[in-house]
Amino acid sequence: MFKILKKEELGPGMILMEIEAPYVAKSVEPGQFVIVRVDEKGERIPLTIADFDREFGKITIVFQEIGKTTHLLNSKKEGESIVDVVGPLGNKTEIESFGKVVCIGGGIGVAPIFPIVRKLKSKGNEVISIVGYRSKSYVFWEEKMKRESSNLLIATNDGTYGEKGFVTDILKKVLSSNSDIRRVFTIGPVVMMKAVSDLTRDRKIKTIASLNSLMVCGMGMCGACRVMVGGETKFTCADGPDFDAHVVDFDSLAKRLAVYKEEEKVSFDNWKESEKV
Amino acid sequence: MSINKIQTRMKEQLPEERRKNFSEVPLGYTKEEALIEASRCLQCLTRPCINGCPVQINIPGFIKAIKEENFEIAIEIIHESDLLPAVTGRVCPQEEQCQVVCIMGKAGEPVGIGRLERFIADWDLERRKKGEVRLPKKAEPRGKKIAVIGSGPAGLSCAVDLIKMGYEVTMFEAFHTSGGVLTYGIPEFRLPKAIVNEEIAFLDKLGVKRIFDYLVGRTSTIEELFKSGFSAIFIGSGAGLPQFMHIPGENLGGIYSANEFLTRVNLMKAYKFPDYDTPIKHGKRVAVIGGGNVAMDSARTALRLGAEHVYLIYRRSREEMPARLEEVIHAEEEGIEFLLLTNPVRYIGNENGLVQQVECLKMKLGEGDVSGRRRPIPIEGSEFKIDIDQAIVAVGTNPNPIIALTTKGLKTGRHGEIWADENGQTSVPGVFAGGDIVTGAATVITAMGAGRNAAKSIERYIKGELT
Ligand SMILES: Cc1cc2nc3c(=O)[nH]c(=O)nc-3n(C[C@H](O)[C@H](O)[C@H](O)COP(=O)(O)OP(=O)(O)OC[C@H]3O[C@@H](n4cnc5c(N)ncnc54)[C@H](O)[C@@H]3O)c2cc1C
Ligand SMILES: Cc1cc2nc3c(=O)[nH]c(=O)nc-3n(C[C@H](O)[C@H](O)[C@H](O)COP(=O)(O)OP(=O)(O)OC[C@H]3O[C@@H](n4cnc5c(N)ncnc54)[C@H](O)[C@@H]3O)c2cc1C
Ligand code: FES
């Protein structure tokens, strides 16, 4: 059992949890994730490790309430436990002294980009961070991100905070005023990562996307998470989750994410019914 | 009294019923049936069955004990060599091992050794359920800690032997439950999970410490395990890496590796969705690719999830199928449609990226290949398409690479199998390995034998007799 040490609402349906997971905390590096199962009948879902404290043996996850499992997870209170936390899984993000880099987080994707920004900075990189949210009430970790970035740029879709528009609108400007960007890191919705990748491809700036394929095992033994990268089948959990965005087939990734739409609806509707009772 | 030439039949659920449920298919012997079957053993002097068994169970010995109704002695004899008889009695390919050499088979059918093994193991489990557990004696504590990685048959048997020798044993398992393939792979209707759990409960009683959700190689490395105080390490991490055919369309929605399909159903209980949260597609027209046990299990599972047609697509003929004959027959009886000498070449999907058709080629058999099986050759121009809404790829698995990739100096073979000598010792001192991770996908009993062999070697290593 893994105890929830702290819980905090960062924005509408956006939850932070600190979980006691000493083995995971001990070896995690930025870019890695855990597979979480809430209770005995639960599904295994992947969540990125957004922060960690090796000394106190805890990790931080930040998730968006979407369907059954994320709602179920949010129904757990501080002090309660969940049955499984496996990890750290996946490969750590490759971080060196690149020079000037851009990190782009969309929505809940801001949380997993944070430890990457922090480590990039510690390696002496100049980090321009671009974060995008739906609206002002969804903005979180602004201070944290500002602290670790050389420059933090914020976009909201409705213009209620920062610049109005998408992260890619800001990225366009950043790219045209900075010719010396060595690498771009992006985590967020598939459409966003694809749009980012399309912008950097022509300029030949290496871009790393952290993919969010559906997963079952998270350790390379089921193939649920397979994606096409450079014309080859890769397992996101074992070969990734970071891949060269310019050769990722985002369209087939998006289609695979939608495979269980009907079942997810059934599961979520059942959940809502049971909550009413 | 003349001896029956044929084996005492074991009652089974009828095909019409069982194709709709997940309950076990063969129902087991009654005591009377077991006594009749046991009396068919001639207690011959040559005892070929013992050498036919990969772990050399004293087969005539336990059968004699059954015949004399000394059930307690019978189970003790089996336990000397086989720690999971309720499992092996059900899933061992006896027809290729102990039973194929039985002299009763020369003029009739061999003794039903597997069935008798299952009978006596089930008798024992019933007894244990009532709380009558007799734990084997443990040697004096040795003050040494051993790590066992993986809780499949190899890891389980290694752990049990080591703890009996007096070592402190900690078992690290990546999943949330023990059993390996016995739990996530082999379906309920062939191996009820209650039985696997009962066999495993034994480990806890013996004092094996079980740690779950721990993926060695990621959660910590082998090197770190040594640093944290383990004197030796056994790797029994299995052959869990699914292979695909790398043909066009294979990543469409609705196409699963057998591992994913079976893991969803068996481990995550997707057949009870939405009571359980993990979903699975209930295909109406399902193609299963492959001809081994895994393919049979997948096909029969798809049927039980409500498929109207399940096509088993295999590139050679029925004779070459690696699956156990019993399972092939069960599958046929249940209405699985075999498309033999057929090979898929691509999948075709709809605009939502869901699979709709599989295109296949007809094959013919050519010369024998290295495996001795005749090589399938495509017949040009024989393409045809089948409408499907689900496909399950069961064309084999390779050893899981995570440990090898993260352990310096660990020698591996062509398919990523960890190299080990006849003692189960790897190229890294103090690290032992056995089961599917060493041999590639094999059998429960060979994995178990390898785990026990390694336990003996670990003892010698600790004593300084192995370098
Ligand atoms: C490596 C990785 C890291 C992730 N990190 C985070 C994170 O830090 N924070 C966060 O909020 N989310 C993260 N996700 C996505 C998260 O796993 C899903 O949002 C979650 O599984 C949804 O479960 P649900 O039952 O609530 O919703 P469902 O009803 O199951 O699904 C709703 C939608 O969520 C997506 N989804 C469902 N299951 C998965 C899954 N197993 N993996 C990915 N997407 C899925 C699908 O697009 C689906 O249409 C990550 C995914 C991956 C692969
Ligand atoms: C569907 C199916 C049907 C089969 N039918 C039969 C049959 O009828 N008869 C028969 O004899 N054999 C059968 N087999 C084969 C048999 O099950 C295997 O040969 C046997 O289970 C191998 O045992 P093992 O202990 O080596 O590995 P496994 O049973 O694979 O167990 C390995 C365990 O290690 C864990 N693990 C892996 N990596 C790590 C890590 N890095 N850290 C921690 N834990 C890890 C895994 O999660 C797993 O629990 C079948 C196999 C399958 C898949
Ligand atoms: S989730 Fe199972 S292989 Fe990646």
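Within every chain, numbering begins at 1; the chains are lettered A, B, ... in the order of the sequence lines, protein sequences first and strands thereafter. What you are looking at is a predicted structure, and each value in this text was computed from that prediction instead of being measured.
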Any side-chain heavy atom of [X] within less than 4.5 Å of one from [Y]?
X	Y	result
B:Asp213	A:Phe2	yes
B:Asn251	A:Ser252	no
B:Phe273	A:Val266	yes
B:Phe175	A:Arg44	yes

Checking heavy atoms, do the side chain of [X], its backbone, both or neither come under 4.5 Å from chain A?
X	answer
B:Asn352	backbone
B:Leu262	neither
B:Leu354	side chain
B:Gln243	neither
B:Thr263	side chain
B:Phe244	side chain
B:Leu252	backbone

Counting neighbours of [atom1] on [X] that are heavy atoms of other residues, nucleotides or ligands and sit closer than 6.0 Å, is the number greater than 12?
X	atom1	result
A:Lys3	NZ	no
A:Glu262	CD	no
A:Lys92	NZ	no
B:Glu223	CD	no
B:Lys209	NZ	no

*Backbone N/O of A:Val259 and side chain of B:Lys281: donor-acceptor pair under 3.5 Å*: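 Yes; judged by distance alone, with no hydrogens or angles, the pair exists.
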*Short question: side chain of A:Ser27, backbone of B:Thr219 - any donor-acceptor pair under 3.5 Å?*
yes
*asked:* I need the minimum non-hydrogen distance between A:Glu40 and B:Tyr276, along with the two atoms involved.
replied: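 It is O-CE2, 3.8 Å.
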Option in [options] with maximal non-hydrogen atom pairs under 4.5 Å from chain A:
options	result
B:Arg264, B:His246, B:Met268	B:Arg264
B:Asp275, B:Asn400, B:Ile402, B:Leu241	B:Asp275
B:Gly254, B:Pro242, B:Pro274	B:Pro242

Interface residue of largest heavy-atom contact number with chain B, from [options], under 4.5 Å:
options	value
A:Asn270, A:Asn91, A:Val38	A:Asn91
A:Gly87, A:Ala258, A:Ala238	A:Gly87
A:Leu72, A:Leu89, A:Val85, A:Asp249	A:Val85
A:Ser267, A:Pro88, A:Ala21, A:Ala254	A:Pro88
A:Glu43, A:Lys68, A:Lys255, A:Arg226	A:Arg226

*Go through the steps for B:Ile211 and A:Tyr23 under the test side-chain contact (heavy atoms from CB on, under 4.5 Å), then give the verdict.*
CA-CA 11 Å; B:Ile211 296 186; A:Tyr23 296 136; 3.6 Å; yes
*Could you walk me through whether B:Glu224 and A:Lys26 pass the salt bridge (charged side-chain N to carboxylate O under 4.0 Å, His left out) check?*
CA-CA 11 Å; B:Glu224 286 160 349; A:Lys26 201 169 152 212; 5.8 Å; no
*Hey, what do you get for NE2 (B:His282) to CD (A:Glu263), rounding to the nearest 0.5 Å?*
7.5 Å
*What distance separates B:Thr278 OG1 from A:Tyr260 OH, expressed to the nearest 0.5 Å?*
9.5 Å
Does any heavy atom of chain B fall under 4.5 Å from the side chain of [X], the backbone, both, or neither of them?
X	value
A:Val34	neither
A:Glu232	neither
A:Val28	neither
A:Ile45	neither

*Show the numbers, then the answer: is there a side-chain contact (heavy atoms from CB on, under 4.5 Å) between B:Lys269 and A:Lys41?*
CA-CA 8 Å; B:Lys269 307 263 181 284; A:Lys41 292 184 175 180; over 6 Å; no
Side chains of residues 215-224 of chain A: which donor-acceptor partners sit under 3.5 Å, not counting sequence neighbours?
none

